[in-house]
Chemist: 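Mind having a look at this structure? Questions to follow.
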Amino acid sequence: MTEARPGAVTSDRPVRAPVQLPPAPSVLLGRSAELRRLDDIRLRSDPAPSVVVLTGVGGIGKTALALHWLHTHRAQFPDGILCARFSAEGTETAESASGVLHGFLAALGIPADDIPASLAQRAAEFRAVTADRRFAVLLDDVVHSADARAVLPSSAHAFVLVTSRSQLTSLALDGAEILPLSPLPDQPAREVLVRAGQRQISQADAKDLLTACAGLPLALAITGARLRTRPRRKPHQEARRGRVRPVGDFPALATVFDASYAALDDSAARLYRTCGILPGPHHAVDALADTLQSSPARLDDAVDELIEANLLHELEDETVAQHDVVRHDARVRAERQDAETDRRYLVHRYIRWYRDQTVTASALIHPFRPNFAAETVAATGSFADRDHAVNWWRRDRPVINAVAKAASAHGWDEELWQLAEASWGFFLHHRDYEPFLELCTAGIEAARRCEQPLVEARMHSQAGFVCDQLGRYDEAAAHNAVTLKIGEREQHGPTQASALSRLARNARRQQDWEAALELYERSARKHAEAGLPRGVGQARYRRGEVLIKLGRDDEALRELAEATVILDEEGDVVQHARAVISLAAIHARRGGYRRARTELLEALEDVKRLQSPHFQAEILTALADLERGHGDETSAQRHLDEARRLRGDSVEPPH
């Protein structure tokens, strides 16, 4: 063999097939989907090497996943497996990559004197001696995309696994697949804890430990190991200390984000801390922009920087979120770095933004009852139409509930009752009973402290309706009685009219039909005096329902016919449809099956446009009852199945 000149690129040398893999983890749980994805990528037939970036926060198990997969597939790489760990402290990309290439070339059998001096020559030599070879490369803890890019081989048979706390998005230009890792779900996380601890842990203790470890495999394994080696230690003690205690060479959870956080610019760091203190499971990007009083472009840059660093992840429809362990770190940093007054100011701005959006959406979703909040809250104009408002509310309903709880905790009563009042229209369509009752109960106290008696009455009315639907009739009657009392004291006709209608419902529950008829009639008169024809129409249709119960169909037809005309003129699709359901029942009993079915189908089409699963299911059930009574079991079952599916989108009361 001819002696090579120092620094020359040589491709005709016999090279070794080193396997530099560290030991595989003893067990890998909860990563089946990621392992399958790696298998799929390996089996692709591409003219370039397969490159996969395993990315996620520190301790999430990137290296463990890579080692497990490489050990499992060792036979598929007969020409060796090369491994290198990049230094997170390195600041000179060229030196870091150059050192790795020197180590790879030496492992492949290139004499030290023949290894070129420059990064470019070392990269060329590496590609030359590995051309067409079947081998794998693990580049662990890469900080910069350029580090990994400099070390990439050219062989189409090569497989490169890169692990990084950053997403290294620019490697996608080299054909890399970016595979983010999420914290482990509860079940595999519990298995990791139990296997590592080798001791029985109660359900309550396991829950505390899982919360402390936040789904990070490294934290779970270390915590389990501590419990195994310290058998007298109580699990709750370990849970209490889990986020802050280092073990040997492993850092505490409180410090695993330090390097990522230190690399952020000021705006991204502020956004990171702010996300940690804001309520709700996710954050709308426009809400964050308003809260931080940031331009959209500047906020987008900060969001992208956090996503790249795995300190934030994107959801659908312009929303972002933090994993629990990241959120905890962000909150701790905010409490340490930002003044309490600044934190309260940001949370208050966030709550007000959601209050404004909720009031604006309510006016589109349920325009028939003007909100008291709308008298003081300016419409934001951010919704193109009702559908847009409904979709926003569906997306952010958990955030709205969390925002209301935060308003209560901070004593911001005005925002609290405004949120409770404005949530009524959406509740009617989706029926999340218990959370809404909790919100109304808090709203009652908030309105009282704000000395808003009519708002307090409205909160009682809302709470009374929910209690009635939940079968808590005595509570419902008490709420409705308070509503009527406040309405009479304040001489407010609409409040009195609403309370009378609710009390009539209570009478119906007790099968006191005559009392119900009289109360509905009083409600109709009060609504008429207040100039509220929709309320008149509702009272008339409800009188029709009672008259049907009493077998007085002729009178019921007159009431229902008047009700359908009024409600149609007022554009109240839901209440009009309900009146049609009652009318259809009478028509069917009198032999008008075809007419009844046509009316119900027309009402169903109208209600579909509202995106209301609750009311669609109501009409479908009535339609199925009609068809079953006529012997059409096939159509009846089809409509019942659809009703059940829709009820899965709304929360039915337990009774």
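Treat the numbers as computed from the prediction; the structure is a model and nothing was measured.
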Chemist: Between Trp69 and Arg42, is there a side-chain heavy-atom distance shorter than 4.5 Å?
Modeler: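 Yes; the side chains approach each other to less than 4.5 Å.
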Chemist: Among all residues two or more places apart in sequence or in another chain, which pass the side-chain hydrogen bond (donor to acceptor under 3.5 Å, both in side chains) test with Glu456?
Modeler: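 Per chain and number, Glu456 pairs via side-chain hydrogen bond (donor to acceptor under 3.5 Å, both in side chains) with Arg448.
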Chemist: Please determine, by modelled atom types, if Ser501 and Arg542 share a side-chain donor-acceptor pair under 3.5 angstrom.
Modeler: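 The answer is yes; a qualifying pair exists.
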Chemist: Think Arg431 forms a cation-pi with Phe427, using NZ or CZ under 6.0 Å from the six-ring centre and within 45 degrees of its axis?
Modeler: yes
Chemist: Which residues pass the salt bridge (Lys or Arg N to Asp or Glu O under 4.0 Å) test with Lys549, not counting sequence neighbours?
Modeler: none
Chemist: Please check this pair: side chain of Arg508 against backbone of Trp513, looking for a donor-acceptor N/O pair closer than 3.5 Å.
Modeler: no
Chemist: Would you sort out whether Trp424 and Phe465 count as a ring-ring contact (aromatic ring centres under 6.0 Å, His included), showing the intermediate values?
Modeler: CA-CA 11 Å; Trp424 169 252; Phe465 178 86; 5.4 Å; yes
Chemist: How about Gln496 and Arg522: does a side-chain donor come under 3.5 Å of a side-chain acceptor?
Modeler: no
Chemist: Compare all side-chain heavy atoms of Leu557 with those of Arg590 and state whether any distance is below 4.5 angstrom.
Modeler: yes
Chemist: Return the orientation label for the Tyr354 and Trp392 ring planes: parallel under 30°, perpendicular over 60°, tilted otherwise.
Modeler: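 The rings of Tyr354 and Trp392 lie parallel, inter-plane angle below 30°.
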Chemist: Out of curiosity, Glu518 CD to Glu521 CD, how far, rounded to the nearest 0.5 Å?
Modeler: 8.5 Å
Chemist: Check for me whether the distance between the ring centres of His323 and His313 falls short of 6.0 Å.
Modeler: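 Yes: the rings meet the under 6.0 Å criterion.
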Chemist: Side chain to side chain donor-acceptor pair (under 3.5 Å) between Asn480 and Thr483: does it pass, once the steps are laid out?
Modeler: CA-CA 5 Å; Asn480 295 330; Thr483 303; 4.8 Å; no
Chemist: Evaluate the side chain to side chain donor-acceptor pair (under 3.5 Å) criterion for residues His587 and Tyr593: first the C-alpha distance (whole Å), next the side-chain angles of each, then the deciding distance (0.1 Å), finally the verdict.
Modeler: CA-CA 7 Å; His587 294 322; Tyr593 167 77; over 6 Å; no
Chemist: For the ring pair His366 and Phe426, is the centre-to-centre distance below 6.0 Å?
Modeler: no
